[in-house]
Amino acid sequence: MNFPFFIARRYLFAKKSHNVINVISAISVAGIMLASFALICTLSVFNGFHELVESLFRDFDPELKVVSANRKFFSMDDERIGKALEQDFIDVYSFTLEEQALISYKSKQQITMIKGVDDSYHDLVGIENLLKGNGIYMLEDEVCHYAIMGIGLMGTMNCGMKPAYPLRLYVPKKQGSVSLVDPTVSFNQASIYSPGVVFCVEQEKYDDNYVIISLDLAQQLTDRTGEASALEIRTKEGTSVRKAIRELESLLGPDFKVQDRLHQQQDVFKVFKMEKFISYLFLTFILLIACFNIIGSLIMLMVEKQQDAGLLESMGAESRTIERIFIINGVLISLIGAVSGLVLGVIAVLLQQKYGFISLGSAGNFIVDAYPVSIKIQDIILVLVTVLVVSFLSVRPIGPIARKFIRKSESD
């Protein structure tokens with residue numbers, strides 16, 4: 001066994017003559033344990049909210065989305081798109097077209113985002129999981145065009161799930177100027193009906209602004225026949241998303257971008273990452289403060305073991321070896337605190353997952369009743385490494401202090 005480690009372990013667990021050393025060592029372990037506990041629990045809460053928000057977008061956002069890198073629209077007949085769609089890992093795909101439009105109902109008007117989708121869209125995402133109402137998912141028939149609004153937009157238009165009158169969509173024409181005599185002639189127009197359902201994503205971005213219509217109608221309104229703004233893809237089960245993105249990017253070239261769900265909602269998830277990182281920094285700073293308790297414990301230990309240090313040196317032990325004994329003692333204190341905190345943190349997170357002890361409130365305005373949490377192995381490793389690195393850096397200055405005690409023991 002390594003000699004400094006053996007002595008450091010004996011010093012740590014042996015009963016000291018001064019009971020205050022045991023108390024300070026216990027406080028040091030408790031401080032690091034609480035910091036580790038707080039770190040793993042906080043990171044798990046951010047993971048839980050991240051997964052919750054991602055699940056809300058999953059039924060509306062596709063697994064992969066191909067968009068033009070330089071233009072808003074692209075041709076659906078592009079050869080590169082055709083080659084990409086021949087890949088074996090593609091299960092379902094759908095061309096979609098998004099553009100701003102004006103929607104009106106009676107005296108109500110609202111700027112909205114129309115999303116034109118083809119017949120495959122129904123199979124691509126879990127849109128039926130988002131529908132509210134007694135109607136069915138339908139976008140067109142032989143008689144008229146239908147539209148499915150977000151539940152927030154329905155409230156803004158005050159039209160209900162089954163409006164008594166058709167709604168009107170207006171999109172500026174691609175060419176020509178606005179007529180001052182009759183501005184409506186400068187817009188492509190269409191009457192749309194509701195199939196008796198609305199969608200609810202629980203996200204204001206979609207619920208308050210989006211209207212789903214057929215791709216044919218969207219192309220007519222925008223004068224973009226044969227064009228789309230995105231190609232949405234669902235891969236076959238077991239496909240590596242990263243590998244699929246790389247293959248599609250190599251086939252499509254620099255004129256197209258391939259986005260997964262995280263990139264599609266980059267602004268939302270960037271906020272989560274930033275908040276998680278800032279929380280990690282604050283808790284690491286608190287951990288650093290807790291580690292300074294170790295220095296006080298080690299200094300008192302050196303005072304008590306001053307004669308032992310002199311005896312070890314007289315028996316041939318080098319000064320560096322004696323310094324390492326006290327440094328390892330500090331690292332052991334940190335390791336015990338870190339492991340204890342991690343174990344307690346993991347247990348607390350698992351209990352929260354199963355029983356939901358900590359609730360978000362009883363007002364009923366939240367999507368979930370209890371704080372969502374999720375443990376990731378990389379967070380456990382991060383916390384363990386952080387504690388060990390911070391504790392080692394905090395006890396590193398103990399070396400020069402130990403040398404002074406060794407010299408003093410020699411003079412005595």
Side-chain angles (χ1 to χ4, degrees), residues 57-68 72-99 101 103 112-150 153 161-162 166-167 169 171 188 190-201 206 209-237 239 244 248 252 256 258-259 261 264:
F57 287 122
R58 189 174 294 126
D59 289 328
F60 197 89
D61 290 339
E63 186 177 9
L64 295 177
K65 186 175 183 179
V66 178
V67 297
S68 175
K72 191 172 183 178
F73 304 97
F74 60 86
S75 173
M76 296 164 56
D77 297 326
D78 193 299
E79 293 183 0
R80 293 167 293 182
I81 295 292
K83 290 181 180 178
L85 294 177
E86 294 174 358
Q87 300 306 301
D88 294 336
F89 57 79
I90 295 180
D91 187 22
V92 183
Y93 67 88
S94 172
F95 286 101
T96 63
L97 188 151
E98 294 186 13
E99 183 59 286
I103 187 171
T112 186
M113 182 70 71
I114 58 172
K115 180 169 183 173
V117 301
D118 60 21
D119 295 336
S120 301
Y121 185 77
H122 179 268
D123 300 320
L124 179 75
V125 297
I127 187 66
E128 285 193 345
N129 299 328
L130 305 175
L131 298 183
K132 308 288 184 181
N134 297 322
I136 60 173
Y137 177 87
M138 181 171 58
L139 298 178
E140 60 183 350
D141 58 18
E142 297 82 1
V143 180
C144 61
H145 292 284
Y146 296 92
I148 300 176
M149 294 183 292
L153 181 60
M161 293 188 183
K162 197 73 174 178
L167 292 90
L169 283 176
V171 179
N188 292 323
S191 296
I192 54 174
Y193 297 82
S194 171
V197 291
V198 295
F199 66 82
C200 179
V201 186
Y206 293 136
N209 298 289
Y210 268 70
V211 176
I212 300 176
I213 60 177
S214 68
L215 180 61
D216 291 339
L217 178 58
Q219 290 174 335
Q220 293 173 23
L221 288 171
T222 57
D223 295 323
R224 295 286 178 179
T225 303
E227 293 184 317
S229 60
L231 169 63
E232 302 187 357
I233 296 172
R234 188 183 72 199
T235 62
K236 293 180 179 178
E237 188 175 353
T239 302
L248 288 173
L252 294 170
F256 292 91
V258 184
Q259 303 172 335
R261 287 193 177 98
Q264 292 170 46

Report summary line: Scanning both residues in full, the closest heavy-atom pair of S120 with V92 reads O-CG1, 3.9 Å
Query - Heavy-atom side-chain contact between L97 and R224 under 4.5 Å - result: yes
Query - Neighbour count above 12 (heavy atom, 6.0 Å) for Y193 OH - result: no
Query raised in the report: Do L252 and I81 have side chains that get closer than 4.5 Å, going by heavy atoms?
Result: yes
Query raised in the report: Under a 4.5 Å cut-off applied to non-hydrogen side-chain atoms, are I233 and F89 in contact?
Result: no
Query raised in the report: Within a strict 4.5 Å, meaning less than it, do heavy atoms of the L215 and M76 side chains meet?
Result: yes
Query raised in the report: Got a donor-acceptor contact below 3.5 angstrom from the E227 side chain to the Q219 backbone?
Result: no
Query raised in the report: Hey, do the aromatic rings of F199 and Y210 have their centres closer than 6.0 Å?
Result: no
Requested in this report: For residues E140 and L217, determine if any side-chain heavy atom of one lies less than 4.5 Å from a side-chain heavy atom of the other.
Outcome: no
Report task. Decide side chain to side chain donor-acceptor pair (under 3.5 Å) for D61 and Y206; before the verdict, give the C-alpha distance in whole Å, the side-chain angles of both, and the deciding distance to 0.1 Å. Result -> CA-CA 10 Å; D61 290 339; Y206 293 136; 2.7 Å; yes
Query - Nearest-0.5 Å distance that lies between atom NE2 in H122 and atom CD1 in I212 - result: 11.0 Å
Query raised in the report: Is it true that atom NZ of K72 has more than 12 heavy atoms of other residues, nucleotides or ligands lying nearer than 6.0 Å?
Result: yes
Report task. Would you sort out whether T235 and E63 count as a side chain to side chain donor-acceptor pair (under 3.5 Å), showing the intermediate values? Result -> CA-CA 7 Å; T235 62; E63 186 177 9; 2.9 Å; yes
Requested in this report: Flag yes if more than 12 heavy atoms outside D123 fall under 6.0 Å of its CG atom; otherwise flag no.
Outcome: yes
Query raised in the report: Are H145 and I213 close enough, and set up right, to give a side-chain contact (heavy atoms from CB on, under 4.5 Å), and what steps lead you there?
Result: CA-CA 8 Å; H145 292 284; I213 60 177; over 6 Å; no
Query raised in the report: Roughly how far, to the nearest 0.5 Å, is the CG atom of D78 from the NZ atom of K83?
Result: 10.0 Å
Query raised in the report: Relative to each other, are the rings of Y121 and F60 parallel, tilted or perpendicular (30° and 60° limits)?
Result: perpendicular
Requested in this report: Calculate, to the nearest 0.5 Å, the distance between atoms CD and CG belonging to Q220 and L169 respectively.
Outcome: 12.0 Å
**Report entry** Shortest non-hydrogen contact between V258 and V66, atoms and distance
**Finding:** CG2-CG2, 4.2 Å
Report task. Supply the atom-to-atom distance R234 CZ to L124 CG, rounded to the nearest 0.5 angstrom. Result -> 6.5 Å
Query raised in the report: Does the side chain of V125 come within less than 4.5 Å of L130's, by heavy atoms?
Result: no
Query raised in the report: Are the side chain of K236 and the backbone N or O of D88 linked by a donor-acceptor pair below 3.5 Å?
Result: yes
Query raised in the report: Do L85 and I90 come within less than 4.5 Å of each other through their side chains, counting heavy atoms only?
Result: yes
Query raised in the report: Should E232 and V117 count as side-chain neighbours, where that means a heavy-atom distance under 4.5 Å?
Result: no
Query raised in the report: Can you tell me how far CG of L64 sits from CG of L231, rounded to the nearest 0.5 angstrom?
Result: 9.5 Å
Query raised in the report: At their closest point, which heavy atom of A218 faces which heavy atom of G116, and how far apart are they?
Result: CB-CA, 3.7 Å
Query - D141, CG atom: more than 12 neighbouring heavy atoms under 6.0 Å - result: yes
Report task. May I ask you to decide if N209's main-chain N or O and T112's side chain share a donor-acceptor pair within less than 3.5 Å? Result -> yes
Query raised in the report: Given the rule in the side-chain contact (heavy atoms from CB on, under 4.5 Å) test, do M149 and L167 qualify, once you have shown the distances and angles that lead to the verdict?
Result: CA-CA 11 Å; M149 294 183 292; L167 292 90; 3.8 Å; yes
Report task. Please check if the side chain of S214 supplies one atom and the backbone of L139 the other of a donor-acceptor pair under 3.5 Å. Result -> no
Report summary line: Note: L131 and I148 closest approach over all heavy atoms is CD2-CG2, 4.1 Å
Report task. Check whether more than 12 heavy atoms from other residues, nucleotides or ligands sit under 6.0 Å from atom CZ of F95, and answer yes or no. Result -> yes
Query raised in the report: Considering all heavy atoms of both residues, which atom of G150 and which atom of V198 are nearest to each other, and what is their separation?
Result: C-CB, 4.5 Å
Report task. Output the distance between atom CZ (R261) and atom CD (Q264), rounded to the nearest 0.5 Å. Result -> 7.5 Å
Query - Check: E98 side chain, S229 main-chain N or O, donor-acceptor pair, under 3.5 Å - result: no
Report summary line: Note: K65 and A230 closest approach over all heavy atoms is CE-CB, 3.5 Å
